[in-house]
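Working notes, structure below.
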Amino acid sequence: MKTRTLTATFLASLLVMSAFAQAETKEEFDQRMAWFREARFGMFIHWGLYSVPAGEWKGGKVKGLAEWIQSGAQIPVADYTPLKDRFNPVKYDADAWVRLAKDAGMKYIVITSKHHDGFCLWDSKQTDWDIGSTPYKKDLLKPLADACEKHGIKLCFYHSIMDWHHPDWGTKKPWRGNAENPAPDMDRFTAYLKAQLDELLTGYGDIGILWFDGEWEDAWTHERGKDLYAWLRRKNPKLIINNRVDKGRKGMEGMSKDSKYAGDYGTPEQQIPANGLPGFDWESCMTLNGTWGFSKFDEKWKSAGNLLQNLIDIASKGGNYLLIVGPTAEGEIPAASIERLQAIGAWMKTNAESIHGTRASPFPTAPSWGRCTSRKLADGKTRLYLHVFDWPADRLLVVKGLEGKTGSAFLLADPSRKLEVQPHADGLRIQLPATAPDAISSVVVLDQD
Ligand code: FHN
């Protein structure tokens, strides 16, 4: 009987899934993804109880990611739970966070509604393992939703499927909340997961993305992933859902093994694909230092130049850059993060046109001097944004792939200054001024004839 029931359920979910998948045309998918493709740049926020120990436990530095401290230090739930009594982010200023993102040129924010430890940043009706049980008590997501609405930034939620606190999460580890539960019930867990997602999708305005993570343990299956994707798409047809809702992700490379797996875009982590991935949407999520949640020990801050060239490299390959901030338990974004985001913002003030709404480079490989992004102009012509990292000493910029071609060019930093363009057998040449407008990346705009 059981087998027959399961088969019937499985077939029913397949029918729903295929009907749902067939319901969306390529044009409708492109329309749904349009804001994501235009955005190119987002802020990732990892914030929760792990921000309290910030990488330290019982006086010692814990190896591994700061937000993984419960695993890294094998902290039993009974010893981890009291952290909620120390989480009181009285310095939290959601409006300041959103303005920091906006000024950096970021168009969306993805915040951890729930990370692997299961703790919820909003006062969920489904559990007391949430902000309502802390000295702070107040919902942390609502002020962010209000600020995002005010500043025109898309609000998105990172939501971990894996849950180290919930007794019904089916993959058991001795230090986890489910260790005592002899018969974890994943149907009951999935109902809990959906009930919380319903709260997130109905309580905070127009949510752009559900950014799933923690899908890799055996407790979560391909069937559950497909079912959750179809359920979400029915609930909110405009919602974008990453590929970590299902089991198809090829590890940290982030792309899906094949189209049978659910998810709207690939999620490379701490890496940038070597080349563009034509026909696929993807987003590289990366840290500013070495960890996602705040760590008092991690001072391996990447330079603003490195971060900016990552953004340009990713955009030149047709992807999005999701860059982390890990606020402290008091609710402050580290100064080192703010400095770097402000430096990126200063560059974006002049050059955002070469990132937002652009498409990948039309060339098969990156030029030796930098990167290229592109956009279609109203007249159908292609505008190229030549991001020059290494300003040529001879002031001659050679654009391979445009042999014999010509066009008009100017510096994005000074559009009034037309640059001389010469056709040439070994590549279109542009005569540059002696000094680069920007030390990290100077943008030359080329409109081909
Ligand atoms: O385990 C998580 C990790 O804590 C962090 O959230 C990253 C960011 O995407 N994802 C997982 C590691 O792949």
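First listed ligand is number 1; within each ligand, the first listed atom is number 1. Keep in mind that what you see is a predicted model, and the values were worked out from it rather than measured.
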the protein heavy atom lying closest to atom 9 (O) of ligand 1 turns out to be Glu269 OE1, 3.2 Å
Ligand 1 to Met252, heavy atom cutoff 4.0 Å, flagged ligand atoms 13 (O)
Could you walk me through whether Tyr80 and Trp164 satisfy the ring pair (Phe, Tyr, Trp, His ring centres under 6.0 Å) test, starting with their C-alpha distance in whole Å, then the side-chain angles of each, then the deciding distance to 0.1 Å, before giving a yes or no? CA-CA 11 Å; Tyr80 190 83; Trp164 295 339; 7.9 Å; no
So is there a nitrogen or oxygen of Trp216 less than 3.5 Å from a nitrogen or oxygen in ligand 1? no
Min over Asn242, Asp213, Leu65 of heavy-atom distance to atom 10 (N) of ligand 1 lands on Asp213
Going by distance alone, is a donor N or O of one side chain under 3.5 Å from an acceptor N or O of the other, for Glu199 and Trp122? yes
In terms of relative ring orientation, are Tyr321 and Phe41 parallel, tilted or perpendicular, with 30° and 60° separating the classes? parallel
Near Trp68 (heavy-atom distance under 4.0 Å), the atoms of ligand 1 are 1 (O), 2 (C), 3 (C), 4 (O)
Looking only at non-hydrogen atoms, the one of His46, Arg244, Glu67, Met162 nearest atom 3 (C) of ligand 1 is Glu67
* Does Lys84 make a cation-pi contact with Phe87, if we ask for NZ or CZ under 6.0 Å from the ring centre and within 45° of the axis? -> no
Under 4.0 Å from one or more heavy atoms of Tyr158, ligand 1 contributes atoms 6 (O)
| field | Proximity flag Phe212 to ligand 1, non-hydrogen atoms under 4.0 Å | value | no
query = Do you see a donor-acceptor pair shorter than 3.5 Å between the side chains of Trp301 and Glu299?
reply = yes
- Query: Among side-chain atoms of Asp313 and His387, is any donor-acceptor pair under 3.5 angstrom?
  - Reply: no
Here the atoms of ligand 1 under 4.0 Å from any heavy atom belonging to His115 are 3 (C), 4 (O), 5 (C), 6 (O)
Trp211 heavy atoms within 4.0 Å reach ligand 1 at atoms 9 (O)
Ignoring hydrogens and geometry beyond distance, is a side-chain donor-acceptor pair present between Tyr385 and Arg375 at under 3.5 Å?
yes
One finds that the ligand 1 atoms under 4.0 Å from a non-hydrogen atom of Cys285 are 9 (O)
- request: Could you walk me through whether Trp216 and His116 pass ring pair (Phe, Tyr, Trp, His ring centres under 6.0 Å), step by step?
  value: CA-CA 12 Å; Trp216 52 82; His116 306 332; 5.5 Å; yes
